[in-house]
Structures are given as C-alpha cells and as structure tokens.
> 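Dropping a structure here in structure tokens format, bear with me for questions.
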Amino acid sequence: MPSMPQQKQRQSDAWVFPLLIVITVLLGTQLLRANLAYFRWLFGDRFLWSSLQLGGLGLGIYSLVVLVGPLLRRMGTRPLLLRAAFIVGSTRLLAQIWWGDPLVDALLVIVGVLAFLVFLPVALGWMVGDRIHRPEAGWRFGLIFLSGLALDGAIHGLFLTYDPIWQTNWVSLLITLALVAGQWWLQWMINRRPAVPLPFRETNLRNSLPLLFFGPFLVYYLIVGGNLARLMALTDWPLPLGLLVLLAGQLAAIFLAWLLPPGRAVALLAFVLLMVTINPLFLGAEAAAIALVISQVSVGLLVVSACTHMARNRDKQGVGHTARLWWASTTLFVLLIFLYYATYELSIPFSRETVIYLVAVAMGASLLFSLDRWAVAFTTRPASDNPSLLNRSGLPALSMMAFVLIFMLALTTVIWQQPGFVSANSTGQRIVDYNIHNGFTMAGTLDLEALAQMILSQQADIVAVQEVSRGWVINGSVDMATWLSWRLGMPATFSPTSGADWGHAIFTRYPVLRHDEFSLPPPGLPLMRGFAYHELDVGDEKPLLLINTHLHHVTEDAAIREQQVAAILHFLEGSPIERLVVTGDLNAEPSEAAMLGLKAIGLWDVIEEAGLQPGFTFPADVPAIQIDYILVSPDIRLRSVEVFPQVISDHLGIGATISLR
C-alpha cells in the first residue's frame with residue numbers, strides 16, 4: 001500500500017495526466033488536418049499521384065497503427081504512452097520551425113499522426129490501470145478527450161481557421177512552443193513518479209467493438225463537428241459568432257456527457273438525433289447552427305458511452321483485440337475521408353451527403369451492437385479525495401474549461417475586424433483576377449499569407465478569385481473567403497458552385513448592389529461549376545457589372561466549356577454589353593470556341609488588347625498557355641495590364657487598371 005506522502009503526491013499531481021491528454025489531442029488533431037492536406041497537395045498535386053494512389057498511400061500509412069500491439073508487448077504501457085506523446089509534440093514543433101521543402105514537413109507530420117493514433121488507445125488503457133472493472137476511468141477519458149478537441153476548436157478559431165502549423169510568423173511559433181514545452185513538462189512530471197509495471201488489459205471482442213467508433217468519429221469531427229469554416233459557409237455569419245456556436249456546442253457536449261449516465265439509452269437517443277441533424281446543408285442559417293450544436297452534443301454522448309463501455313470488464317491481459325480493431329477503425333477513417341472527397345473527382349454512384357450519413361451509421365453501429373446496459377452505474381471518489389479533472393463532482397473543472405473557451409472567444413473577437421466598404425471612386429478601377437489553387441503553392445504547402453501579400457501589393461479595388469474552399473479538410477480546413485477578407489481588409493462575396501463550401505469569390509472596396517449566383521451545365525459533373533453576377537457601386541450614375549466564373553477543367557471537354565459559355569451568354573441576352581467585366585479561369589485557350597463565343601458579343605481580352613506577349617498564365621512555373629482572363633466591354637478604357645510574375649499558385653494572376661467612359 002502506498003505511504004501517506006505518496007498518496008498526497010498522487011492527489012496533488014492528479015491533474016497532470018488529464019492535461020497531458022488534452023494537449024496531446026490538441027497537437028495531434030492539428031497534425032491530422034495537415035496530414036490530409038499534404039496527401040492531396042504534395043503527393044497528389046506536386047507528385048501527380050492519382051486519387052486511387054493517394055487512397056492506397058493513406059491505407060498503407062495508417063495501417064501501421066497495428067504496431068500498437070507489438071509495441072505494447074515490447075515496451076509496456078507507460079513507456080509507450082510517454083514516447084508516443086513526446087513524438088507528437090516533437091514532430092509538431094519541428095513542423096512549425098521547418099520552413100524549407102514541404103516534403104520534410106509532410107514526413108514529420110506523418111510520423112506525428114502515427115504517434116498520435118498510437119497514443120489514444122494506450123492512454124485509455126493506462127487510465128484504467130490495474131483495475132479489472134473501472135468504467136469511471138473510461139468515462140473520464142471520454143470527457144478529457146472531448147476537452148482536448150474543444151481546445152483545438154478554440155485555437156483553430158483564434159487563428160481564424162488558418163492553422164498555426166501552416167504559418168511562419170512568430171505568434172504561431174511562440175504558441176506552438178508554449179504548448180509543446182507544456183506537454184514535455186507534463187511528461188517529466190509523470191516520469192518522476194516511481195514506475196509501476198502494469199500489464200495492458202483489454203476486454204472481450206464484443207466489448208472492444210467501440211474501438212471501431214473512433215475512426216468514423218474523427219471523420220465527423222474534421223468534416224462537421226469541429227469544422228468552423230463549414231459552419232461559416234452555411235450561415236454566412238461573422239467569424240466570432242460562428243466560433244461562439246461551435247464552442248457552445250462542444251461545451252454543451254462535455255457538460256451533458258458529464259451529467260447523463262452513459263449507456264444504451266443515452267446512446268440510442270444520441271444516434272437518432274445525430275441522424276436527423278448531421279447534414280443541415282439545406283436549412284437556413286439559424287437552423288443549420290442549431291443542428292450543428294445538437295449533432296455535437298449527440299456525438300459527445302456517444303464518445304463518452306464508448307469510452308465507458310471499453311473500460312468495463314478489462315479482465316484479459318493482452319493487446320490482440322485492441323490492435324486489430326484499432327487498425328480497422330483507422331482504416332474506416334481513411335476510407336470514409338477518401339470516399340467523401342473522391343466524389344469531387346470521380347464518378348461515384350452516391351453523393352457526399354450519403355457519405356456523411358455513412359459516418360453516422362458507422363459510429364452508431366459500432367456502439368449499439370456492443371452496449372449491454374441501458375445505463376452504466378459507477379461511483380467515483382468525492383472531490384476532496386480526488387481532485388483530478390472532470391470527476392463526478394468536477395464542476396470546478398468544467399467551469400475552468402468554460403472560462404478558457406470564453407477567453408479564447410473574446411481574444412478572437414478582438415483580433416477579428418469585419419471589413420467594410422469604402423466610398424466609391426469613379427476615377428479608375430484596379431481589377432485583379434487570380435486562380436488561388438485552393439490556397440496551396442506549387443511546392444505543396446498552404447500559404448495564404450503569400451497570396452495575400454501579392455494581392456495587397458497590387459492595391460486592387462476588385463479582386464476576383466477562383467478555387468476558394470471553406471472548410472475542406474484536404475485543404476487544411478481553412479475558410480479562405482473569411483481569412484482573405486480579413487487579411488485584405490475587403491468584404492468578401494462568396495459564390496458556392498459545388499456544395500456550400502467550394503466555389504469562387506470577389507473581394508472589393510465597392511458596395512455590392514446586387515449579387516446573383518447561377519449553376520452551369522451540365523448537371524452531374526463531379527465538380528460542379530457556376531458563375532456569379534455582381535453590380536458594384538463605383539461612384540457614378542451606373543454600376544459596374546462583373547461576372548466571375550470558373551469553367552470545366554478537363555482539357556478534352558471543350559464542348560462542355562462551350563455549353564457553359566452559352567449559358568452565360570443566354571443570361572446576358574437582351575442586355576447592352578456595357579460597363580461589363582468578365583473574370584475567371586476559363587480553362588480555354590484564346591482560339592477555343594468558348595472564348596470565341598465571348599468575344600463575338602463584343603468582349604475583348606485585356607492581355608490581347610495590351611499586346612502582352614506571350615501573355616501565358618498557366619502553369620505558373622513554366623507558363624505555356626493562357627487560360628485566365630479579364631474580359632471587358634468596348635466602352636471600358638484600358639490604362640494598364642500585367643501578368644504577375646510571382647509563382648505561388650499554379651496560375652499566374654492578371655491585373656488591369658480600367659476607367660469607365
């Protein structure tokens with residue numbers, strides 16, 4: 001039996017392990033988001049791997065988590081736990097300070113993600129310890145795990161959805177350094193305790209099935225529950241308001257999971273609510289926000305029910321069920337993420353919405369088939385005897401978590417400044433058109449800051465951009481429209497074309513008098529296209545008319561682009577071609593029929609009119625063709641035109657200064 005001083009030391013240090021889990025979950029989730037983006041843009045775009053090859057790469061890498069079994073047998077629970085946590089923190093810090101070839105970053109991130117995925121099941125096992133039946137340990141682990149994700153959501157919002165792992169400024173570095181240093185200190189605190197070798201225990205196969213829950217759960221968190229940018233796209237609210245809703249849902253999930261007894265009854269109710277609310281794409285802003293909160297609470301209840309159930313009856317020494325089911329869970333994660341985003345590139349006989357429902361079904365099935373009690377009863381020590389985070393009398397810990405999230409929200413509100421329009425000036429207009437490549441450089445890293453600096457250097461009045469995503473996990477989960485609007489100091493008008501979270505946008509200093517969005521044919525393309533019509537108040541009697549679009553990209557499908565241009569011309573039918581600007585990545589060379597159709601109504605290409613030779617815009621590193629355009633009506637006078645030499649996106653940008661006659 002431990003001595004009195006040892007008991008007091010354990011009580012005073014009881015917060016150390018929960019806090020280690022919280023910080024490691026935060027750092028691991030940042031690595032996970034970056035990992036998926038590197039798969040798409042470094043291996044997929046830079047090294048030209050196909051979608052199927054990327055899926056195979058993901059399955060191969062994530063399958064390595066099966067090594068958790070041999071590692072546990074060889075190293076033991078506590079050494080593996082601490083080493084996995086150390087690798088997560090170290091790779092996260094190295095990824096932050098490495099500013100060279102993104103390939104090095106990508107490899108660091110892969111190692112960090114694997115360590116994170118090893119850490120999670122080992123942490124649950126160590127928390128249960130040598131007790132054969134300890135459901136309260138699983139219950140606490142679930143609450144602590146949710147707390148780590150809530151802190152991740154708060155920091156993601158603090159950086160306006162542009163994760164610090166992609167940024168090279170000193171603020172990002174210092175915050176990362178503080179988090180990693182804190183994590184290392186917590187590991188040192190644990191290491192200084194006497195080591196008590198404990199065998200890793202697991203339960204039977206049926207009771208281990210909730211391990212399958214976590215792969216689909218991570219898909220839910222990344223795409224829906226923790227995706228602030230997606231919420232912003234659905235509601236079009238200011239960022240602080242969106243973050244308030246997101247954090248409120250996460251805090252409500254923690255509180256209700258702390259309050260309600262985990263078990264089959266709660267899990268069944270949570271699953272039904274989740275199926276109703278997981279996909280609110282066709283609801284209004286307020287209803288979409290409410291649906292998100294309900295789904296967050298529902299999933300939070302499922303998380304805690306899963307963890308509680310797995311901590312019961314762990315009377316079997318061994319790692320076989322844990323290793324195999326955890327491998328299956330991570331395989332589910334890769335397959336569901338792949339299926340969701342493959343629908344944008346491949347002809348698959350089901351929609352993205354179907355994949356979201358599959359995620360919910362996978363979570364529910366892994367739990368409801370294994371839960372054997374309607375409510376799990378357990379006792380914990382009173383708060384005076386056990387001061388650890390989130391125990392049954394853990395209102396102080398919940399209050400502390402609420403305080404931290406509210407503080408982060410307040411800080412975000414201070415940082416955020418809603419851009420506003422300025423007074424119109426009719427003396428001249430500077431227009432920039434740019435395909436921003438979903439924010440990624442040709443080297444394969446997300447660099448919105450470089451894009452923003454280049455655009456700011458042009459002192460533009462109107463910026464038309466294409467390939468704008470809002471919350472795509474494979475694009476870093478960033479809200480590009482919101483972040484660029486904040487960074488450029490110009491309000492954004494976003495026009496979705498393929499779902500609510502991908503399309504094109506304009507940023508302008510001028511008041512937008514009218515904004516209409518239209519889909520382009522043909523229906524059923526994996527990546528749907530559209531065009532947006534704007535009327536801008538430039539300070540004289542008539543508005544400037546602007547159409548921004550992005551046509552179909554497959555080179556051989558010229559007939560589809562011709563069909564899409566015909567739809568734009570049909571919209572313009574009967575209107576005078578005056579004070580009109582058309583911008584976009586048209587994916588067509590000047591001699592293609594689609595371009596000739598636009599020129600036939602009197603529009604002319606500013607690059608051709610200015611006599612720029614060769615005037616190529618793609619690919620940016622070795623320009624060989626022109627597929628990006630600023631087209632203007634004959635009554636607009638051209639002052640200057642340039643193709644920007646900066647190689648950031650895979651396209652070169654175009655700038656034109658015009659005046660209205």
> Side chain of E517, backbone of P496: donor and acceptor closer than 3.5 Å?
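Answer holds: no.
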
> Would you confirm whether the ring centroid of H504 sits within less than 6.0 angstrom of the ring centroid of H550?
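Judged by ring-centre distance (under 6.0 Å), H550 and H504 do not meet the cut-off.
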
> Would you indicate whether the side-chain heavy atoms of I431 and D461 approach each other to under 4.5 Å?
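Counting from C-beta outward, D461 and I431 never come under 4.5 Å.
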
> Are side-chain heavy atoms of V463 and Y434 found at a separation under 4.5 Å?
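Not touching, per the 4.5 Å side-chain cut-off.
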
> Give me the atom names and distance for the closest heavy-atom approach of L513 to P543.
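Nearest heavy atoms, L513 then P543: CD1-CB, 4.1 Å.
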
> Classify the side-chain pair S477/R33 by whether it contains a donor and acceptor separated by less than 3.5 Å.
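Note: S477 and R33 side chains miss the donor-acceptor criterion.
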
> Is it true that the NZ or CZ of R40 lies under 6.0 Å from the centre of Y341's six-membered ring and within 45 degrees of the ring axis?
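Because its charged atom misses either the 6.0 Å distance or the 45° angle limit, R40 does not stack over Y341.
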
> Mind listing the closest non-hydrogen atom pair of H515 and A532 along with its distance?
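Minimum heavy-atom contact is NE2-CB, 4.2 Å.
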
> If you round to the nearest 0.5 Å, how far is CD1 of I278 from CD1 of I294?
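These two atoms lie 13.0 Å from each other.
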
> Should we count CH2 of W99 as having more than 12 external heavy atoms under 6.0 Å?
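More than 12 heavy atoms, drawn from other residues, nucleotides or ligands, come within 6.0 Å of this atom.
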
> Are P522 and I560 side-chain neighbours, meaning at least one heavy-atom pair lies under 4.5 Å?
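Yes, at least one pair of side-chain atoms sits under 4.5 Å.
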
> Would you say the side chain of F47 lies within less than 4.5 Å of the side chain of Q53, judging by non-hydrogen atoms?
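A side-chain contact is absent here, since even the closest heavy-atom pair is not under 4.5 Å.
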
> Checking the side chain of T413 only, and the main-chain atoms of L409 only, is there a donor and an acceptor separated by less than 3.5 Å?
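Between the backbone of L409 and the side chain of T413 there is a qualifying donor-acceptor contact (under 3.5 Å).
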
> For the residue pair N475 and S469, what are the closest heavy atoms and their distance?
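N475 and S469 have their closest heavy atoms at ND2-OG, 3.0 Å.
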
> Could you tell me whether a side-chain N or O of T497 sits under 3.5 Å from a main-chain N or O of M528, the two making a donor and an acceptor?
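Confirmed, T497 side chain pairs with M528 backbone.
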
> Please walk me through it: do Q626 and D605 pass side-chain hydrogen bond (donor to acceptor under 3.5 Å, both in side chains)?
CA-CA 11 Å; Q626 181 191 355; D605 173 17; 3.1 Å; yes

> Report yes or no: does N169 contribute a side-chain atom to a donor-acceptor pair with the main-chain N or O of V171 at less than 3.5 Å?
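Flag set: sc N169 to bb V171 pair under 3.5 Å.
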
> Grab the two heavy atoms, one from A342 and one from I348, that are nearest each other, plus how far apart they are.
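Smallest interatomic distance, heavy atoms only, reads CB-CD1, 3.7 Å.
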
> Answer with yes or no whether the side chains of T354 and S351 bring together a donor and an acceptor at under 3.5 Å.
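Yes, side-chain donor-acceptor contact under 3.5 Å.
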
> Quick one: do W166 and F440 satisfy ring-ring contact (aromatic ring centres under 6.0 Å, His included)? Show the steps, please.
CA-CA 10 Å; W166 301 106; F440 282 78; 5.8 Å; yes

> Any side-chain donor-acceptor pair under 3.5 Å between T29 and H156?
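H156 and T29 do not have a side-chain donor-acceptor pair below 3.5 Å.
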
> Could you walk me through whether W604 and L638 satisfy the side-chain contact (heavy atoms from CB on, under 4.5 Å) test, starting with their C-alpha distance in whole Å, then the side-chain angles of each, then the deciding distance to 0.1 Å, before giving a yes or no?
CA-CA 11 Å; W604 43 270; L638 186 62; 3.9 Å; yes

> Would you confirm whether N227, through its side chain, and I223, through its main-chain N or O, come within 3.5 Å as a donor-acceptor pair?
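At least one qualifying donor-acceptor pair exists.
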
> Less than 4.0 angstrom from a charged side-chain N to a carboxylate O is my criterion; do K599 and E608 meet it?
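Salt bridge flag = yes for E608 with K599.
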
> Could you tell me whether Y38 and F43 have their ring centroids closer than 6.0 angstrom?
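Distance test on ring centres: not under 6.0 Å, no.
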
> Does T617 reach the main-chain N or O of I627 with its side chain, forming a donor-acceptor pair under 3.5 Å?
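Yes, the answer is positive, given that a donor and an acceptor are paired below the 3.5 Å cut-off.
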
> When you measure from the side chain of R487 to the backbone N and O of T482, does any donor-acceptor pair fall under 3.5 Å?
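No.
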
> Got I155 and M408 here, is their nearest side-chain heavy-atom distance under 4.5 Å?
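Yes. Closest side-chain heavy atoms under 4.5 Å.
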
> Nearest 0.5 angstrom please: D621 CG to T441 OG1, how far?
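Output value for this atom pair is 11.0 Å.
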
> Could you pull out the closest heavy-atom pair between P491 and S485, with the gap in Å?
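For P491 versus S485, the nearest heavy atoms are CA-OG, 3.7 Å.
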
> Measure the spacing between CG of L231 and OG1 of T161 and express it to the nearest 0.5 Å.
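Result: 11.5 Å between the selected atoms.
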
> To the nearest 0.5 angstrom, please state how far the CZ atom of R430 sits from the OG1 atom of T657.
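The distance works out to 4.0 Å.
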
> Is it true that the side chains of H553 and D585 contain a donor and an acceptor less than 3.5 Å apart?
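No, because no side-chain N or O of H553 sits under 3.5 Å from a partner of the opposite role on D585.
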
> Would you say the ring centers of F571 and F518 fall short of 6.0 Å from each other?
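Yes: the rings meet the under 6.0 Å criterion.
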
> Could you walk me through whether E642 and I654 pass side-chain contact (heavy atoms from CB on, under 4.5 Å), step by step?
CA-CA 6 Å; E642 62 181 300; I654 307 170; over 6 Å; no

> With distance as the sole criterion, is a donor-acceptor pair present between the side chains of T583 and N548 under 3.5 Å?
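There is such a pair between these side chains.
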
> Between A567 and L520, what is the shortest heavy-atom contact and its length?
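The answer is CB-CD2, 3.8 Å.
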
> Going by atom types only, do T445 and D447 share a side-chain donor-acceptor pair under 3.5 Å?
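No, because no side-chain N or O of T445 sits under 3.5 Å from a partner of the opposite role on D447.
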
> Does atom CD of Q417 have more than 12 heavy-atom neighbours from other groups under 6.0 Å away?
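No, CD of Q417 has 12 or fewer neighbouring heavy atoms, counting only those of other groups under 6.0 Å.
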
> State whether the side chain of Y510 and the backbone N or O of L544 hold a donor-acceptor pair below 3.5 Å, judged by distance alone.
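No; zero donor-acceptor contacts below 3.5 Å.
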
> List for me each residue that meets ring pair (Phe, Tyr, Trp, His ring centres under 6.0 Å) alongside F618, sequence neighbours excluded, and say none if there are none.
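In terms of ring pair (Phe, Tyr, Trp, His ring centres under 6.0 Å), with neighbours along the sequence ignored, F618 is linked to H651.
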
> Give a yes or no on whether the ring-centroid distance for F507 and W483 is below 6.0 angstrom.
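Between F507 and W483, the centre distance exceeds or equals 6.0 Å.
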
> Mind checking the CE-CG spacing from M480 to D501? Nearest 0.5 Å is all I need.
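One finds 11.0 Å between CE of M480 and CG of D501.
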
> Do E467 and N435 have side-chain atoms, one donor and one acceptor, less than 3.5 Å apart?
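Side-chain D/A pair, E467 to N435: present.
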
> Less than 4.5 Å apart, side chain to side chain, heavy atoms only: is that true for V632 and L580?
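No, side chains not in contact.
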
> State which residue, out of D479, L446, L484, fulfils the side-chain contact (heavy atoms from CB on, under 4.5 Å) condition with Y162.
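Between Y162 and the candidates, side-chain contact (heavy atoms from CB on, under 4.5 Å) is satisfied uniquely by L446.
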
> Does any non-hydrogen side-chain atom of S457 lie less than 4.5 Å from one of F644?
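When only atoms from C-beta onward are counted, S457 and F644 do not touch, as no gap falls below 4.5 Å.
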
> Would you find a donor on one side and an acceptor on the other, under 3.5 Å apart, between the side chain of R561 and the backbone of V554?
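Confirmed, R561 side chain pairs with V554 backbone.
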
> Donor-acceptor check, side chain of Q96 to backbone of P164, threshold 3.5 angstrom: yes or no?
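Indeed, once roles are kept as given, a pair shorter than 3.5 Å links the two residues.
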
> Indicate whether the side chain of R529 and that of Q564 have a donor and an acceptor atom separated by less than 3.5 Å.
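There is no such pair between these side chains.
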
> Test Y629 against V606 for side-chain contact (heavy atoms from CB on, under 4.5 Å), laying out the working first.
CA-CA 8 Å; Y629 297 89; V606 297; over 6 Å; no

> Take R46 and D101 through the test salt bridge (Lys or Arg N to Asp or Glu O under 4.0 Å) and record every step on the way to the result.
CA-CA 12 Å; R46 176 175 163 182; D101 191 329; 2.8 Å; yes

> Tell me, do I658 and V581 make a side-chain contact under 4.5 Å, heavy atoms counted?
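With C-beta onward as the side chain, the pair touches.
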
> As a quick check of understanding, evaluate salt bridge (Lys or Arg N to Asp or Glu O under 4.0 Å) for D516 and R514, giving each step before the final call.
CA-CA 7 Å; D516 296 321; R514 178 181 170 186; 2.5 Å; yes

> Under 6.0 Å from the ring centre and within 45 degrees of the ring axis: does the NZ or CZ of R352 meet both conditions for the six-membered ring of Y344?
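Here R352 passes the 6.0 Å and 45° test against Y344.
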
> Assess, by modelled atom type and distance only, whether the side chains of N438 and W502 contain a donor and an acceptor separated by less than 3.5 Å.
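There is such a pair (donor and acceptor under 3.5 Å, judged by atom type) between the side chains of N438 and W502.
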
> To the nearest 0.5 angstrom, please state how far the CD atom of E592 sits from the CD1 atom of I625.
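Reported to 0.5 Å precision, the distance equals 9.5 Å.
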
> With a 3.5 Å cut-off and no angle check, do the side chains of S633 and R579 form a donor-acceptor pair?
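No, because no side-chain N or O of S633 sits under 3.5 Å from a partner of the opposite role on R579.
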
